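Keep in mind the model is a prediction, meaning the values are calculated, not measured. Every heavy atom of this structure was used, including side-chain atoms; hydrogens, water molecules and symmetry mates were not.
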Amino acid sequence: MLGERMYAAAADRAGVQPGAVIPVGVPALPDGIVIRDATQADAAGLEPVIRMADPDNPDGSWRQLPSAIGQSLDPENLTHVRVVEEASSGVLVGGMMALPATWAFTHPMLVGSPNVHIIAGLVASLDSLAVVEAWRGKGIARALVADAERAMGSQPAGKLGAAVLYATHEPELTDFYAGLGFALSPDGIGIATPSGFVCHGPIKGYRFSVKPLRTGVQMQPMRTPYGQQLVIRGILPVPAR
C-alpha cells in the first residue's frame, strides 16, 4: 500500500448522482482553429501529426490510424479520432485518438470472460495526442483532452460511456495532465473485478495518468506485483434510485 489517499469523483454536486457523467466543457480555441471529426480523407495529412506523439516507435498507434478513423465514423463504435484544422488553409495542426481499452481482449485474466467487453468499454485510452510546434502553448492540447473526456464519457443510444480515461505518456507530461485533473499512476493501472485485480502496464519509459469521467469512481494508490498503480473501483454503473 502506498498510503491511504483516495482519488474520487465527487458525487455531491448539484443535480449529479453517483454513476452520472461528469459534465465537461471544452476550452475556447484560438481564432481560426477548429476541432472536428476525422474523415478518411484526413488520414494522409493526420499521420505525420499523430506520429509526433511517438516518433521513435515504428509500430506506434499511428499505424492504426486508417482503421481507427473508420471505426470512429460508426456511431455504434466507442472510438473517436479528432483533427485540429487551421480553417483558412485546411492544414491539420493537431489531432488525437481516443479508444476503448483494446488490451482487455488479450489480457490473460479476461480472455473468454463476459467482463471483457464491459471493461474495454468503461476504461478509455487517450492515445496519440499531438499538436504541431507552431501551435503549441495556445491551449489546443488542453482542448483536445477535454474533447476526449466529453466524447468517451458520453452515452450513445443503447451504450454506456467510459467511466475513466487514462493517458500513457512521457514523464515530462505528468504536470500537464495533473493540471487537467488527472492522477498519476506511475506503473500502469489496476481494475478491481469480482475475480481480482486486472492490471495493465507498466510500459518502460512511460507513465500513466487517469481521470474519472463518472461520479463515484475511486482510484486508490497501491503497490501491486507490477509496481505503483492506481487501483480503480466503482467503474460499473450505479443503479438509479
Practice problem: With rounding to the nearest 0.5 Å, note down the distance linking CG in Leu165 to CZ in Arg214. | Solution: 13.0 Å

Quiz item: Stepwise, does the side-chain contact (heavy atoms from CB on, under 4.5 Å) test hold for Trp103 with Val198?
Solution: CA-CA 11 Å; Trp103 53 263; Val198 173; 4.1 Å; yes

Quiz item: Between the side chain of Lys211 and the main-chain N/O of Leu180, is any donor-acceptor distance below 3.5 Å?
Solution: yes

Quiz item: Is there a side-chain contact between Ser125 and Tyr166 (heavy atoms, below 4.5 Å)?
Solution: yes

Quiz item: Does any non-hydrogen side-chain atom of Val91 lie less than 4.5 Å from one of Trp135?
Solution: no

Practice problem: Mark yes or no for whether His107, through its side chain, and Cys199, through its backbone, hold a donor-acceptor pair below 3.5 Å. | Solution: yes

Quiz item: Are side-chain heavy atoms of Val131 and Val84 found at a separation under 4.5 Å?
Solution: no

Quiz item: To the nearest 0.5 Å, how far apart are OG1 in Thr168 and CD1 in Ile203?
Solution: 5.0 Å

Practice problem: Please report the shortest heavy-atom distance between Pro212 and Met219, naming the atom on each side. | Solution: CD-CE, 3.7 Å

Practice problem: Give, for atom CG of Leu230 and atom CD of Gln220, the distance between the pair rounded to the nearest 0.5 Å. | Solution: 9.5 Å

Quiz item: Does Ile118 belong to the same Ile/Leu/Val/Met/Phe/Trp/Tyr cluster as Ile189, with side-chain heavy atoms less than 4.5 Å apart forming each link?
Solution: yes

Practice problem: Please report the shortest heavy-atom distance between Leu122 and Gly161, naming the atom on each side. | Solution: CD2-O, 3.3 Å

Quiz item: Is Glu86 reaching over with its side chain to a backbone N or O of Gly32, donor-acceptor style, under 3.5 angstrom?
Solution: no

Quiz item: Hey, what do you get for CZ (Arg63) to CD1 (Ile50), rounding to the nearest 0.5 Å?
Solution: 15.0 Å

Exercise. Determine whether Tyr226 and Ile119 fall in the same hydrophobic cluster, where Ile, Leu, Val, Met, Phe, Trp and Tyr are linked whenever their side-chain heavy atoms lie under 4.5 Å apart.
Key: no

Quiz prompt | Note, Thr79 side chain near Leu99 side chain (heavy atom, < 4.5 Å) | solution = yes

Exercise. For residues Ala120 and Pro100, report the shortest heavy-atom separation together with the two atoms involved.
Key: O-CB, 3.2 Å

Exercise. Can you see which heavy atom on Ala130 is nearest to which on Ala53, and at what distance?
Key: CB-N, 4.1 Å

Quiz prompt | For the student: nearest non-hydrogen atoms of Gln40 and Pro66, plus distance | solution = NE2-O, 3.1 Å

Quiz item: Around Glu133, counting heavy atoms of other residues, nucleotides and ligands shown, do more than 12 lie under 6.0 Å from its CD?
Solution: no

Quiz prompt | Check: Gln229 and Phe197 side chains under 4.5 Å, non-hydrogen atoms | solution = no

Quiz prompt | Pairwise distance CG(Asp127) to CE(Met97) - rounded to 0.5 angstrom | solution = 4.5 Å

Quiz prompt | Student check: side-chain heavy atoms of Ser67 and Gln64 closer than 4.5 Å | solution = yes

Practice problem: State, yes or no, whether a side-chain contact exists between His169 and Tyr206 at a heavy-atom distance under 4.5 Å. | Solution: no

Quiz item: What closest approach, in Å, do Pro27 and Ala143 show between heavy atoms, and which atom pair accounts for it?
Solution: CD-CA, 3.8 Å

Practice problem: Please work out whether the ring planes of Phe208 and His200 are parallel, tilted or perpendicular, with thresholds of 30° and 60°. | Solution: perpendicular

Quiz item: Would you say Asp74's side chain and Gln71's backbone share a donor-acceptor pair under 3.5 angstrom?
Solution: no

Quiz item: To the nearest 0.5 Å, what is the distance between CG (Leu144) and CD1 (Ile140)?
Solution: 7.5 Å

Quiz item: Within a strict 4.5 Å, meaning less than it, do heavy atoms of the Arg82 and Asp37 side chains meet?
Solution: yes

Exercise. Determine whether Val24 and Leu129 fall in the same hydrophobic cluster, where Ile, Leu, Val, Met, Phe, Trp and Tyr are linked whenever their side-chain heavy atoms lie under 4.5 Å apart.
Key: no

Practice problem: Examine Val21 and Val26 and state if one hydrophobic cluster contains both, with Ile, Leu, Val, Met, Phe, Trp and Tyr joined whenever side-chain heavy atoms are less than 4.5 Å apart. | Solution: no

Practice problem: Indicate if Val145 and Met52 have the same hydrophobic cluster label, given that clusters are the connected sets of ILVMFWY residues with side-chain heavy-atom separations under 4.5 angstrom. | Solution: yes

